[in-house]
Amino acid sequence: MGFFTLRWEDKKLILLDQRKLPLRHELVECKNAESVMESIKDLVVRGAPAIGIAAAFGIVLGSYKLSELPKKKFLEELDNLCKKMISTRPTAVNLKWAVDRLLNKAKNSNGSTLDIIKIIEEEAISIKEEDEQINKKLGEYGSTLVPEKANILTHCNAGSLATSNFGTALGVIRAAVAEGKKVQVFATETRPLLQGARLTTWELMQDNIPVTLITDNMAGWLMAKGNIDMVVVGADRIAANGDTANKIGTYTLSVLAFRHKIPFYIAAPTSTIDISISSGDLIPIEYRNESEVSHFGFYRIAPEGIKILNPAFDVTPSQLITRIITEKGVLAPPFLEAIKNIL
Ligand code: MRU
């Protein structure tokens with residue numbers, strides 16, 4: 001693979017600027033927590049696991065600035081910074097999960113402020129390294145669900161670009177291809193921000209995995225014609241009962257898949273499961289700027305003054321999900337039980 005999504009180098013977080021892909025390959029260097037928060041809000045880095053990892057390094061960067069403070073004050077300020085970091089994008093729970101992991105390490109340490117900074121840096125590095133291993137494991141489990149010859153529909157980008165490497169939904173596809181299965185991917189463009197058109201196609205083309213781009217509204221027709229064998233997508237938050245928040249449009253695809261009796265799979269690490277939330281109704285949905293809908297890139301496509309809605313995610317009810325693929329195995333309904341058993 002000729003690119004990296006994020007890299008920790010010389011006490012700096014280097015991000016591939018995903019806003020510019022596929023036309024330009026540019027990097028953004030973050031030297032402080034503020035620039036990481038801006039990068040997460042602006043989607044320089046995006047995808048649930050990737051923003052969790054970026055946020056963890058953001059906390060490390062922020063801790064450097066607090067290093068002179070007495071320990072009690074340091075922990076207070078670190079806690080405030082964690083709250084700000086978590087608020088940058090509300091739906092993907094991996095962000096909170098990663099930040100909490102660091103904060104717990106910090107709070108449970110008996111060491112000095114400098115010791116704590118070292119400990120949380122090591123923790124952020126572990127989160128990044130573990131993520132790649134988790135995706136590979138999840139990919140192995142998921143590929144058992146892929147037929148020898150398969151047309152696979154995916155939505156948004158749940159690939160290397162959304163994780164430290166390998167991806168979740170695209171990890172399943174990569175693992176199936178590595179096993180010699182003949183796979184053809186259909187990538188929905190994913191309005192409004194075109195993560196499918198810009199990122200999924202680009203990423204799969206780098207690996208020579210056959211991919212065809214379709215607009216979002218073509219999926220039903222392809223399913224009706226028998227051209228799709230399975231759907232696999234990522235997740236931003238999975239409630240205790242299996243209801244799953246993912247990129248807006250995922251719910252529509254799940255209804256279509258149900259209608260056409262096509263298996264609908266969610267691929268996600270267990271860090272995406274939020275057992276504190278009993279059902280999808282309680283998942284906070286991020287609403288983003290209207291300009292993402294009124295414009296196509298920088299080009300206005302809707303009248304000035306038009307009323308606009310821009311929810312970035314939707315929730316697929318667990319009844320429409322065939323399996324949830326995690327690094328701990330493939331979960332079958334009833335998901336409430338299955339999730340309890342692995343966590
Ligand atoms: O708004 P984005 O691009 O961060 O949304 C990303 C998605 O919805 C992904 O499908 C999800 O985070 C899973 S990534 C492995």
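Starting from 1, each residue takes its place in the sequence as its number. Source: prediction; values computed, not measured. One-based numbering, in listed order, for ligands and for the atoms of each.
For CG of L343, the number of neighbouring non-hydrogen atoms (other residues, nucleotides, ligands) closer than 6.0 Å is greater than 12. The 12-atom threshold is not exceeded at NZ of K105, counting heavy atoms of other residues, nucleotides or ligands nearer than 6.0 Å.
Proximity to A48 (heavy-atom distance under 4.0 Å) selects the following atoms of ligand 1: 12 (O), 14 (S). Close contacts between ligand 1 and Q195 involve ligand atoms 1 (O), 2 (P), 3 (O) [criterion: under 4.0 Å to a heavy atom]. The ligand atoms of ligand 1 that sit less than 4.0 angstrom from a heavy atom of A158 are 14 (S), 15 (C). Of all atoms in ligand 1, numbered sequentially from 1 with element shown, those under 4.0 Å from a heavy atom of D236 are 7 (C), 8 (O), 9 (C), 11 (C), 12 (O). Close approach to K247 involves these atoms of ligand 1, each under 4.0 Å from a residue heavy atom: 1 (O), 2 (P), 5 (O), 8 (O). Close contacts of ligand 1 with T168, meaning ligand atoms under 4.0 Å from a residue heavy atom, involve 15 (C).
Distances from atom 13 (C) of ligand 1 to the heavy atoms of A312, A235, A267, G47 put A235 nearest.
Judged purely by atom type and a 3.5 angstrom limit, T5 uses its side chain to pair as donor or acceptor with the backbone of S160.
The nearest heavy-atom contact from the protein to atom 9 (C) of ligand 1 is N246 OD1, 3.5 Å. Shortest contact from atom 14 (S) of ligand 1 to any protein heavy atom: A162 CB, 3.4 Å.
A heavy-atom distance below 4.5 Å is found between the side chains of R288 and R89. D100 has its side chain within reach of I86: a pair of non-hydrogen atoms, C-beta onward, lies under 4.5 Å apart. You'll find the side chain of F4 stays beyond 4.5 Å of the side chain of N165, heavy atoms only.
Heavy atoms of P49 found under 4.0 angstrom from ligand 1 belong exclusively to the side chain. When non-hydrogen atoms are compared, ligand 1 lies under 4.0 Å from the side chain of R89 (C-beta onward) but not from its backbone. When non-hydrogen atoms are compared, ligand 1 lies under 4.0 Å from the backbone of N157 (N, CA, C, O) but not from its side chain.
A salt bridge links K107 with D79; the closest basic N to acidic carboxylate O contact falls under 4.0 Å.
The nearest pair of heavy atoms linking A169 to G234 is CB-N, 3.9 Å.
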